[in-house]
Amino acid sequence: MSNQSPLSEKQAGLHQLYSEDPQRADQIVWGRKANPLSRRGFFERLGLASMTAAIGSEIVFADKMPSGLIPAALAQSTEPFQIPGKEGLSVMNDRPLVAETPAHLLDDAITPAKHLFIRNNGLAPAPEMLDADKWTLEIAGESCEKPTTFTLKVLKEKFTHHTLQMVLECAGNGRSEFNPPATGNQWTTGGVGCPKWTGIRLADVLKHCGIKKDAVYIGYYGADAHLSVDPKKNAISRGVPIAKALEDESLLVFAMNGEDIPVQNGHPLRLMFGGWAASTCGKWLKKIVIRDREHDGEKMKGHSYRMPRYPVAPGTKVPEEDMVIIAEMPVKSLITFPKSGITHPAADKLAVRGQAWVGEGAVASVEVSIDFGITWQKAQLEKPANRYAWQQWRTEVSFPKKGYYEIWARATDDQGRSQPMVLPGWNPEGYLNNSCHRLAIQAA
Ligand SMILES: Nc1nc2c(c(=O)[nH]1)N[C@H]1C(S)=C(S)[C@@H](COP(=O)(O)O)O[C@H]1N2
Ligand SMILES: [Mo]
């Protein structure tokens with residue numbers, strides 16, 4: 001978690017450039033597996049051209065430089081790694097850019113923009129391409145009666161605005177704990193956040209364009225590029241069944257926490273579906289198709305965002321036809337205070353608090369344990385701001401004597417489903433790990 005990569009502003013700028021300019025991005029050599037990106041890892045992935053650019057002059061004896069060496073000019077930088085507009089995120093990959101939020105930075109009731117995680121599947125559009133005044137959204141598809149292209153301005157004027165606090169969680173959040181490990185970003189706990197979103201109902205817009213009787217699904221297309229930079233390929237194009245698309249909380253959002261959505265989080269327009277895997281929430285949204293079949297865009301087929309329809313032993317190869325699309329997210333909680341690893345006076349009570357959420361329904365209780373799940377004490381639990389918002393919880397724990405403790409938190413929803421203490425069922429892509437969050441505490 002603490003693999004923050006100190007980079008100067010100039011280097012961060014370079015990083016940004018490489019994430020957004022396909023041709024230049026191609027000069028970076030990437031390992032297949034996304035490990036937490038240390039400063040060392042970051043520079044190891046840079047080619048000579050980019051290191052030279054970062055230093056600002058030619059590396060004269062470059063041909064004699066041991067491979068993997070970080071030029072001291074870069075290594076000595078003490079400035080923290082920065083993604084513009086973000087603070088304190090752990091960068092797991094930068095092509096595509098993926099960054100998660102340490103648990104203690106998710107302590108706010110409403111997640112601030114600077115602390116919302118980033119999960120890009122391709123190359124984000126360059127900021128200068130994201131002009132809200134010129135942005136358009138096309139509604140089409142074989143089950144759309146009147147295909148229409150709207151300007152964002154017209155959408156904002158024509159349809160009623162709604163503001164809702166809603167959890168956004170990547171289906172891969174928690175993946176790093178599965179064994180055998182799944183390939184892909186090794187999320188710990190930070191692929192989640194709960195900002196306040198403002199937008200218009202997707203249902204209002206779809207109904208305006210006419211939904212044919214045979215409609216079963218919607219699919220989205222965004223303005224980002226596939227990693228291969230092939231314009232015929234989409235980085236990701238997922239969707240939801242029509243019933244989910246028509247829910248009151250399913251929104252086309254143009255603002256977050258009362259401001260523009262951060263560039264990496266989908267400015268100027270994105271989808272938000274309450275409680276479902278965040279991969280359904282298309283960013284930099286350009287087009288929505290109303291489909292007469294399950295949407296078949298990029299990352300809808302094969303093993304992407306799918307779970308085996310039956311429990312499997314760890315390491316099992318599951319045939320494609322036995323994989324089903326992930327819908328709502330499972331019940332889960334985070335301990336956001338204190339920070340893991342602290343030392344606390346053994347004689348003093350310790351205030352503990354966090355967030356709890358579930359894809360559909362509400363969280364009914366949160367319990368905390370300091371004895372590895374043998375006994376549990378009930379925490380005080382707030383009501384959600386609205387359906388699909390997370391719920392804050394708090395309690396105090398006291399330690400019987402000095403020593404090492406773990407604080408575990410476990411949420412249970414209103415259907416009686418709770419979090420597994422160790423791990424939920426293994427699955428090939430490492431999705432939906434909602435096991436109890438654990439903190440390490442030294443009582444001294
Ligand atoms: N256009 C587009 N939309 C996208 C993605 C993407 O790569 N491109 N990633 C999806 C995935 S997998 C996740 S988890 C969420 C992440 O949203 P965030 O980056 O705002 O946190 O966006 C989803 N929407
Ligand atoms: Mo995701």
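Below, each value reflects all heavy atoms present in this structure, side chains not excepted, and no hydrogens, waters or symmetry copies. Numbering of ligands and ligand atoms starts at 1, following listing order.
- For the pair Arg270 and Trp284, the cation-pi test (distance below 6.0 Å, angle within 45°) is failed.
- Ranking protein heavy atoms by distance to atom 18 (P) of ligand 1, first place goes to Asn265 ND2, 3.4 Å.
- Summary of contacts: the protein heavy atom closest to atom 15 (C) of ligand 1 is Ala278 O, 3.5 Å.
- Using a 4.0 Å cut-off between charged nitrogen and carboxylate oxygen, Lys212 and Asp292 do not count as a salt-bridge pair.
- Contact analysis leaves Tyr221 out of contact with ligand 1, as no non-hydrogen atom separation drops below 4.0 angstrom.
- A salt bridge between Lys286 and Glu138 is absent, with no side-chain N of the basic residue lying under 4.0 Å from a carboxylate O of the acidic one.
- Aromatic rings from Phe159 and His208 are positioned such that their centres are separated by under 6.0 Å.
- Arg438 and Glu406 are joined by a salt bridge, as a carboxylate oxygen and a charged side-chain nitrogen come within less than 4.0 angstrom of each other.
- Of the charged side-chain nitrogens involved, at least one lies within less than 4.0 Å of a carboxylate oxygen, so that Asp131 and Lys134 count as a salt-bridged pair.
- Residue, atom and distance of the protein heavy atom nearest to atom 6 (C) of ligand 1 are Ile236 CG2, 3.3 Å.
- Side-chain contact between Met329 and Trp276: absent, with no pair of heavy atoms (C-beta onward) separated by less than 4.5 Å.
- Here the protein heavy atom with the shortest distance to atom 9 (N) of ligand 1 is Asn121 ND2, 3.0 Å.
- Between Arg238 and Ser279, the side chains place a donor N or O and an acceptor N or O closer than 3.5 Å (distance only, hydrogens not considered).
- At least one N or O atom of Phe117 sits closer than 3.5 Å to an N or O atom of ligand 1.
- Between Tyr305 and ligand 1, no pair of N/O atoms sits closer than 3.5 Å.
- Between Glu294 and Arg306 there is a salt bridge, since at least one side-chain N of the basic residue sits less than 4.0 Å from a carboxylate O of the acidic one.
- Considering Lys283, Arg238, Arg119 only, the shortest heavy-atom separation from atom 1 (N) of ligand 1 involves Lys283.
- Heavy-atom proximity to Gly282, at under 4.0 Å, picks out these atoms of ligand 1: 3 (N), 24 (N).
- Closest to atom 20 (O) of ligand 1 by heavy atom, among Arg270, Gln264, Lys286, is Arg270.
- Between Lys332 and Glu169, at least one side-chain N (NZ, or NE/NH1/NH2) sits under 4.0 Å from a carboxylate O, which counts as a salt bridge.
- By the criterion of a heavy-atom distance under 4.0 Å, neither the backbone nor the side chain of Leu285 is placed next to ligand 1.
- Close N/O approach between Asp224 and ligand 1 is found [any backbone or side-chain N/O within under 3.5 Å].
- Between Arg291 and Asp296, at least one side-chain N (NZ, or NE/NH1/NH2) sits under 4.0 Å from a carboxylate O, which counts as a salt bridge.
- Checked against a 3.5 angstrom limit, the closest N/O atoms of Asn120 and ligand 1 fall outside it.
- Between Glu360 and Lys244 there is a salt bridge, since at least one side-chain N of the basic residue sits less than 4.0 Å from a carboxylate O of the acidic one.
- Listed by number with element, the atoms of ligand 1 under 4.0 angstrom from any heavy atom of Ile118 are 19 (O), 21 (O).
- Of all protein heavy atoms, the one closest to atom 11 (C) of ligand 1 is Ser279 CA, 3.6 Å.
- In this structure, Cys281 has a heavy atom closer than 4.0 Å to ligand 1.
- Under the 4.0 angstrom criterion for non-hydrogen atoms, Gly266 is not in contact with ligand 1.
- For ligand 1, the polar-atom distance check finds no N/O of Trp284 at less than 3.5 Å from any of the ligand's N/O atoms.
- Looking at Cys170 against ligand 1, both its backbone and its side chain come within 4.0 Å, counting heavy atoms.
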